2 protein chains.
Amino acid sequence: MAGIKDVAARAGVSAATVSRVLNSHPSVSAEARTRVLAAVETLGYRPNAVARSLRTAQTRTLGLVISDVLNPYFTELARFVEEEARALGYSVIIGNADERPELQDHHIRTLIDRRIDGLLVSPADGGSPLMRDVALSGTPMVFVDRWIPGVDVPVVRADGTGAVRDLVAHLHGLGHRRLAIIAGPAATTTGNERVEAFRDALRKLGLALPDTYIGQGDFQAASGRRATERFLALAEPPEVVFAADNLMALGALDAIRARGLRVPDDIALAAFDDIPWFVHTDPPITAIAQPTADLARAAVRALADRIEGRTPQSVTLPARLVARRSCGEAAPNQRSDR
Amino acid sequence: MAGIKDVAARAGVSAATVSRVLNSHPSVSAEARTRVLAAVETLGYRPNAVARSLRTAQTRTLGLVISDVLNPYFTELARFVEEEARALGYSVIIGNADERPELQDHHIRTLIDRRIDGLLVSPADGGSPLMRDVALSGTPMVFVDRWIPGVDVPVVRADGTGAVRDLVAHLHGLGHRRLAIIAGPAATTTGNERVEAFRDALRKLGLALPDTYIGQGDFQAASGRRATERFLALAEPPEVVFAADNLMALGALDAIRARGLRVPDDIALAAFDDIPWFVHTDPPITAIAQPTADLARAAVRALADRIEGRTPQSVTLPARLVARRSCGEAAPNQRSDR
DNA sequence: CGACGCGTTGGAATCGATTACACGGACGAT
DNA sequence: ATCGTCCGTGTAATCGATTCCAACGCGTCG
């Protein structure tokens with residue numbers, strides 16, 4: 001593979017001049033420039049990013065650590081993150097933590113070792129000591145979706161409280177009174193937050209959220225099934241199950257079907273995180289949609305700001321309710337039609 | 001951030017010795033080793049992967065270029081690839097081509113610039129000139145799932161012909177005679193292959209595959225919908241639609257529902273690529289499952305073989321039919337019950 | 001007692017770029 | 001004619017590791 005010296009030799013200049021041309025430094029004669037460019041062309045020269053990074057102490061690379069690639073929400077996030085990063089001239093390396101803290105640490109360490117310019121993280125657990133260290137050490141960092149309280153790092157996330165309130169109102173309007181929730185892990189901010197928003201919304205309508213109507217989940221399908229089975233075994237089972245993420249909603253759907261019940265006739269179902277598949281299930285599932293693309297863009301921009309010396313800002317965007325048929329009634333837009 | 005010199009100074013040895021300790025070179029005294037290790041510990045030293053890569057001319061990194069991250073099949077593949085690579089001491093950088101040739105080239109170029117040790121590709125199109133160049137240039141490379149004919153690179157893939165035959169037999173057994181297929185892009189090997197396998201299987205049963213029963217798709221949901229609408233508008237619409245990938249199957253499902261038809265009563269549906277969601281649609285969708293985890297493992301191992309000087313081998317694993325309810329009848333295991 | 005060998009160690013070159021600094025030449029001003 | 005400026009360019013240092021080679025100390029053997 002041709003190096004900068006080969007180009008220099010062929011163009012009859014020094015390596016310094018080649019470098020200057022390639023980095024569009026002003027003081028290069030037009031003549032030298034064309035000769036260099038020609039040499040680059042014929043040799044098919046591509047600068048060695050490793051050498052360049054060593055010298056310049058920047059890799060133009062962002063690390064993205066997500067909790068679970070198999071979750072469509074994160075996949076989508078990753079896709080938009082890469083898109084925006086590319087637009088800003090960065091590459092992205094994705095680390096999938098699989099909801100396992102030690103894997104998360106592994107990826108963080110690897111990314112730091114590669115001297116990525118900045119880190120985008122959606123913490124799988126409450127945050128390892130390693131992550132705190134990294135944040136403290138001055139590595140540019142931004143949290144997306146989930147975050148760690150007490151760590152001074154910008155957070156880009158969706159606020160679901162309004163949408164949860166809308167959802168609860170929607171359910172209430174359909175006549176449902178006994179509402180249950182499958183929560184996420186207590187260690188994640190999103191886990192707690194969604195439960196609290198749900199509880200608040202219920203209270204405002206004069207409804208209670210008994211402990212038996214709070215299922216413990218871990219954002220994986222199996223936990224959604226278990227929690228739902230427990231709900232259904234109750235003497236007075238809920239009329240609605242609200243899953244705090246899409247995977248658990250799927251598990252819930254399974255459990256409901258396994259019992260021979262039907263959605264929404266026998267029990268209603270709703271989920272946090274809207275994903276393309278929810279349109280195709282039967283019935284289509286009512287969900288709270290996050291503005292994934294906007295979140296991704298905001299997160300990347302915040303990180304780029306931090307890296308390039310500007311002051312990054314935390315961003316909170318509203319999530320919104322997408323009513324479908326899994327809670328009863330019919331169309332998204334018509335509420336009580338009498 | 002502490003460098004090797006800092007460690008050397010603190011341990012009272014030279015940088016060379018520190019390096020030897022870290023790379024477990026034999027000739028280091030036990031005493032020096034413990035001092036170095038202690039210094040590494042207290043300083044929290046982590047070797048700079050960039051510098052190391054420059055010197056050793058290897059990055060211990062694999063590039064994975066896939067056609068569409070949003071397709072669960074590829075997401076799953078990526079996950080297993082990373083898993084196996086990690087087990088072998090490699091990191092993985094994923095490039096998502098979004099089924100766009102120019103994006104694919106962008107990622108390939110970026111990955112080469114970073115001097116990844118090897119490249120795993122599932123070509124989005126028939127293969128760009130760039131990709132041929134890279135393959136020819138000696139960069140270790142392995143194709144997964146899709147490949148480019150005429151390029152001498154090992155291929156790791158699933159053979160669907162057996163499973164397609166089983167599927168056709170299954171459908172035939174259920175009394176279906178008019179079978180249609182939604183094909184993938186002609187430029188991809190998997191696109192053609194699946195159509196041919198389908199056609200052959202039909203022929204063996206004395207059935208024809210008229211051109212009107214071949215829909216042109218591009219592996220995206222929208223194309224599946226369009227093709228299916230065309231099928232349904234036919235004077236004699238097919239009794240079965242077989243989609244060559246999971247996204248197009250979803251599009252087909254939409255089109256069928258939009259027409260007010262029911263699966264499988266009015267029309268049957270099957271898909272290539274089994275994904276977790278197919279269990280949750282209504283009805284669950286019959287699919288041909290690829291051994292994704294095994295494919296990923298085999299691909300990574302082949303690439304590692306190539307990189308580390310061993311001789312890599314092409315691998316073909318059989319796909320298998322997973323019969324569900326979308327084609328009629330009931331359970332997976334019982335065939336004609338009379 | 002000297003030579004040899006072996007285990008350890010440090011010095012210095014190297015990987016492929018970027019960039020501070022110096023130098024030579026052209027040109028305008030005085 | 002002389003000096004200063006500015007432009008274009010090359011030389012060399014540098015980034016942080018790895019690794020070849022030489023040297024050194026020490027024990028052993030002839």
Side-chain angles (χ1 to χ4, degrees), chain A residues 1-37 39-40 43-61 89 91 109-117 139, chain B residues 1-37 39-40 43-61 89 91 109-117 139:
Chain A
M1 196 161 284
I4 198 172
K5 296 214 198 100
D6 303 306
V7 177
R10 195 162 219 289
V13 297
S14 74
T17 301
V18 176
S19 174
R20 280 189 273 255
V21 171
L22 266 34
N23 295 289
S24 45
H25 184 98
S27 67
V28 181
S29 67
E31 202 231 351
R33 171 173 288 108
T34 54
R35 285 220 310 282
V36 167
L37 258 20
V40 165
L43 292 175
Y45 168 73
R46 301 244 80 210
N48 182 328
V50 177
R52 185 207 294 266
S53 293
L54 176 60
R55 179 60 231 245
T56 62
Q58 56 162 348
T59 49
R60 299 239 50 131
T61 301
S91 297
R109 226 186 313 264
T110 309
L111 291 167
I112 298 294
D113 286 355
R114 297 177 169 249
R115 300 299 191 267
I116 44 143
D117 293 342
T139 307
Chain B
M1 196 161 282
I4 197 172
K5 297 217 198 95
D6 303 306
V7 177
R10 195 163 221 288
V13 297
S14 72
T17 300
V18 176
S19 174
R20 280 189 274 256
V21 170
L22 265 33
N23 295 288
S24 44
H25 185 97
S27 66
V28 181
S29 67
E31 201 232 352
R33 168 172 289 107
T34 56
R35 284 219 313 280
V36 168
L37 259 18
V40 165
L43 292 175
Y45 168 72
R46 301 244 80 210
N48 182 328
V50 177
R52 188 207 293 266
S53 293
L54 177 59
R55 179 60 231 245
T56 61
Q58 56 162 348
T59 50
R60 300 239 51 136
T61 301
S91 297
R109 226 184 315 265
T110 309
L111 291 167
I112 298 293
D113 286 355
R114 290 173 178 259
R115 301 296 191 268
I116 44 141
D117 292 341
T139 307

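Residue numbers begin at 1 in each chain, while the letters A, B, ... track the order of the sequences. Note that the structure is a prediction, hence the values are computed from the model and not measured.
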Distance below 4.0 Å between B:Ser19 side-chain N/O and D:dT18 OP1 or OP2: yes
Side-chain donor/acceptor of B:Arg55 to base of C:dT14, under 3.5 Å: yes
Phosphate OP1/OP2 of C:dC15 contacted by A:Asn48 side-chain N/O (<4.0 Å): no
Touch class at under 4.0 angstrom, heavy-atom based, for A:Ser27 against every strand present: base
4.5 Å side-chain heavy-atom contact, A:Ser14 and A:Thr17: yes
Interatomic distance, A:His25 NE2 vs C:dT19 P [rounded to whole Å]: 9 Å
Spacing between A:Arg35 atom CZ and D:dT9 atom C1', to the nearest angstrom: 11 Å
Whole-Å distance separating the CD1 atom of B:Ile4 from the C1' atom of D:dT19: 11 Å
Atom pair distance, as rounded to whole Å: CG in A:Leu43 and P in C:dG16: 15 Å
Sugar-phosphate only, base, or nothing, as touched by A:Ala32 at under 4.0 Å among non-hydrogen atoms: sugar-phosphate
Along DNA chain C (nearest heavy atom to each residue), the more 5'-positioned of A:Met1 and A:Ala16: A:Met1
Sugar-phosphate only, base, or nothing, as touched by A:Val50 at under 4.0 Å among non-hydrogen atoms: nothing
Distance in angstrom units between A:Asn23 CG and C:dG16 C1', rounded: 13 Å
For atom NZ of A:Lys5 and atom P of C:dA17, their distance in whole Å: 9 Å
Phosphate-side-chain proximity, A:Ser29 and D:dC7, N/O vs OP1/OP2 below 4.0 Å: no
CZ-OG1 distance between B:Arg115 and B:Thr61, expressed to the nearest 0.5 angstrom: 13.0 Å
Distance in angstrom units between A:Leu54 CG and C:dT19 P, rounded: 12 Å
Whole-Å distance separating the CZ atom of A:Arg20 from the P atom of C:dA17: 15 Å
B:Arg10 CZ: over 12 foreign heavy atoms closer than 6.0 Å: no
First of A:Ala15 and B:Ser14 reached from the 5' end of DNA chain C, by closest nucleotide: B:Ser14
Touch class at under 4.0 angstrom, heavy-atom based, for A:Val18 against every strand present: nothing
B:Val40 side chain reached by B:Leu22 side chain, heavy atoms, under 4.5 Å: yes
Verdict with supporting geometry, B:Val13 and B:Arg20, side chain to side chain contact (heavy atoms under 4.5 Å, CB included): CA-CA 11 Å; B:Val13 297; B:Arg20 280 189 274 256; over 6 Å; no
Short side-chain N/O contact to D:dG8 OP1/OP2 from A:Thr17, under 4.0 Å: no
OP1 or OP2 of D:dA17 under 4.0 Å from side-chain N/O of B:Tyr45: yes
